[in-house]
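The structure appears below as structure tokens.
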Amino acid sequence: MRVLAIDTSNLVLSVAVVEEERVLAEMTTNQQKNHSVRLMDCVSELLDATGTAPEELSGFGVANGPGSYTGVRIGVASAKSMAWSLNVPVIGVSSLEVIAMNATGFSGLIVPLFDARRGQVYTGCYRSHGMEAVRAQSTEQIILLREWLPLLRDLAQGEPILFLGEDVRLHRETIVQELGNQAQFASPAFNHPRAAHIGYVALRKLQDGGNAHELVPEYLQLAEAEAKWLAQKQAGAVKE
């Protein structure tokens with residue numbers, strides 16, 4: 001089976017074509033550029049490079065959040081459209097899980113995070129399950145970092161805690177102040193999502209199917225404009 005995998009959920013753009021035993025091609029960029037402009041060009045380039053006709057794809061995998069609202073929508077909408085047109089399954093994979101998979105084999109807690117502003121982070125907690133997967137140890141959530149760190153200390157019970165993600169650098173000082181040497185940080189090369197990880201999660205789940213119409217983004221919170229609109233509506237300020 002051959003799978004096309006996509007991650008546009010944050011600043012990094014990553015696309016890969018994978019088979020059961022090989023990563024055939026992968027492209028990852030970390031630039032201030034519009035994913036909606038670049039994504040399909042990257043897809044076309046990788047399909048050409050691997051000699052893959054769209055009809056040869058067994059399915060799609062896509063990071064479905066949390067992350068940038070626009071970025072998540074671009075990836076999910078693109079993957080759903082291509083899957084629907086080819087009548088093949090599409091599998092959504094947590095954007096946080098994708099980052100956590102960079103640390104398979106790590107012996108402690110794996111904590112990916114994305115900045116969510118106002119001292120908050122999108123985050124979750126994982127443990128390595130062999131060298132091929134990670135398992136969630138908590139529900140993914142948006143939470144104040146200063147509330148999250150004591151919870152992690154209790155959960156780790158003295159084990160090391162590895163923080164991953166491009167935005168860790170924004171919060172490193174706070175993390176070290178709270179956790180000291182228990183906190184560990186990876187090389188920048190491990191902070192980027194890899195679409196190949198999405199591809200292998202998708203390959204494992206394809207046998208269960210994946211309806212394009214049922215896949216939805218996982219934002220973990222409403223966009224600010226939507227939240228305000230709903231609040232106004234509930235207050236009777238917005239008319240039907």
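Residue numbers count from 1 along this sequence. Only this structure's heavy atoms are used, side chains among them; waters, hydrogens and symmetry mates stay out.
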Interatomic spacing from CD in Gln120 to CD1 in Ile142 - rounded to 0.5 Å: 4.0 Å
Side-chain heavy-atom pair Asn64, Val216 within 4.5 angstrom cut-off: no
Residue among Arg153, Arg172, Arg146 satisfying salt bridge (charged side-chain N to carboxylate O under 4.0 Å, His left out) with Glu178: Arg153
Minimal non-hydrogen separation, Leu164 against Ala100, with atom names: CD1-CA, 4.2 Å
Sole candidate of Met1, Glu19, Arg2 that passes side chain to side chain contact (heavy atoms under 4.5 Å, CB included) when paired with Leu203: Met1
Pairwise side-chain contact, Leu96 with Pro66, heavy-atom cut-off 4.5 Å (strictly under): yes
Stepwise side chain to side chain contact (heavy atoms under 4.5 Å, CB included) test for Asn191 and Arg169: CA-CA 10 Å; Asn191 287 327; Arg169 57 188 172 81; over 6 Å; no
Over 12 foreign heavy atoms within 6.0 Å of CD, Glu173: no
Shared hydrophobic cluster, Ile175 / Ile110 (ILVMFWY, side-chain heavy atoms < 4.5 Å): no
Ile161, Leu155, Val134 screened by side chain to side chain contact (heavy atoms under 4.5 Å, CB included) with Cys125, the one that passes: Leu155
Expected output: side-chain Asn10 to main-chain Val12 donor-acceptor under 3.5 Å: no
Closest heavy-atom pair and its distance - Ala16, Ala195: N-CB, 3.6 Å
CG/Asp154: more than 12 non-hydrogen atoms of other groups inside 6.0 Å: yes
Shortest non-hydrogen separation from Gly124 to Pro112 and the atoms involved: O-CD, 3.5 Å
Least distance between heavy atoms, Asp167 atom then Asp115 atom: OD2-N, 2.8 Å
Verify same cluster id: Val43, Trp84 (apolar side-chain graph, 4.5 Å): no
Over all atoms of both residues, closest heavy-atom pair of Ala202 and Phe60: CB-O, 4.2 Å
Pairwise distance CG(Leu145) to OG1(Thr123) - rounded to 0.5 angstrom: 8.0 Å
Joint cluster assignment, Val18 & Leu24, ILVMFWY side-chain distance < 4.5 Å: yes
Working for side chain to side chain contact (heavy atoms under 4.5 Å, CB included), residues Ile143 and Leu151: CA-CA 11 Å; Ile143 186 173; Leu151 297 176; 4.1 Å; yes
Shared hydrophobic cluster, Leu39 / Val93 (ILVMFWY, side-chain heavy atoms < 4.5 Å): yes
Heavy atoms from other residues, nucleotides or ligands near CG of Asn181 exceed 12 (cutoff 6.0 Å): no
Rounded distance [0.5 Å steps], NE2 in His129 versus CZ in Arg135: 3.5 Å
Connected via hydrophobic side-chain network under 4.5 Å: Val121 and Val168: yes
Gln177 atom CD: more than 12 heavy-atom contacts under 6.0 Å: yes
Heavy-atom donor-acceptor pair, Ser14 side chain to Thr28 backbone, under 3.5 Å: no
Interatomic spacing from CD in Glu214 to NZ in Lys80 - rounded to 0.5 Å: 9.5 Å
Donor-acceptor contact below 3.5 Å, side chain Gln184 vs main chain Pro160: no
Over 12 foreign heavy atoms within 6.0 Å of CD, Glu132: no
Trp148 vs Val111 side-chain heavy atoms within contact, under 4.5 Å: yes
Met40 CE to Ile74 CD1 distance, which is reported to the nearest 0.5 Å: 12.0 Å
Residue among His192, His197, Arg194 satisfying side-chain hydrogen bond (donor to acceptor under 3.5 Å, both in side chains) with Asn102: His197
Side-chain touch Phe163/Leu152, heavy atoms, less than 4.5 angstrom: yes
Atom CZ of Phe185 with >12 non-hydrogen neighbours under 6.0 angstrom: yes
Non-hydrogen side-chain atoms of Tyr126 and Glu140 separated by less than 4.5 Å: yes
Note, Val3 side chain near Tyr200 side chain (heavy atom, < 4.5 Å): no
Short side-chain donor-acceptor distance under 3.5 Å, Arg38 and Thr29: yes
Thr104 side chain to Ala133 backbone, donor-acceptor under 3.5 Å: no
Pairwise distance CD1(Ile99) to CZ(Phe114) - rounded to 0.5 angstrom: 5.0 Å
Taking every non-hydrogen atom, the tightest pair across Tyr122 and Tyr219: CE2-O, 3.5 Å
Any donor-acceptor N/O pair, Ser78 side chain to Gly75 backbone, under 3.5 Å: no
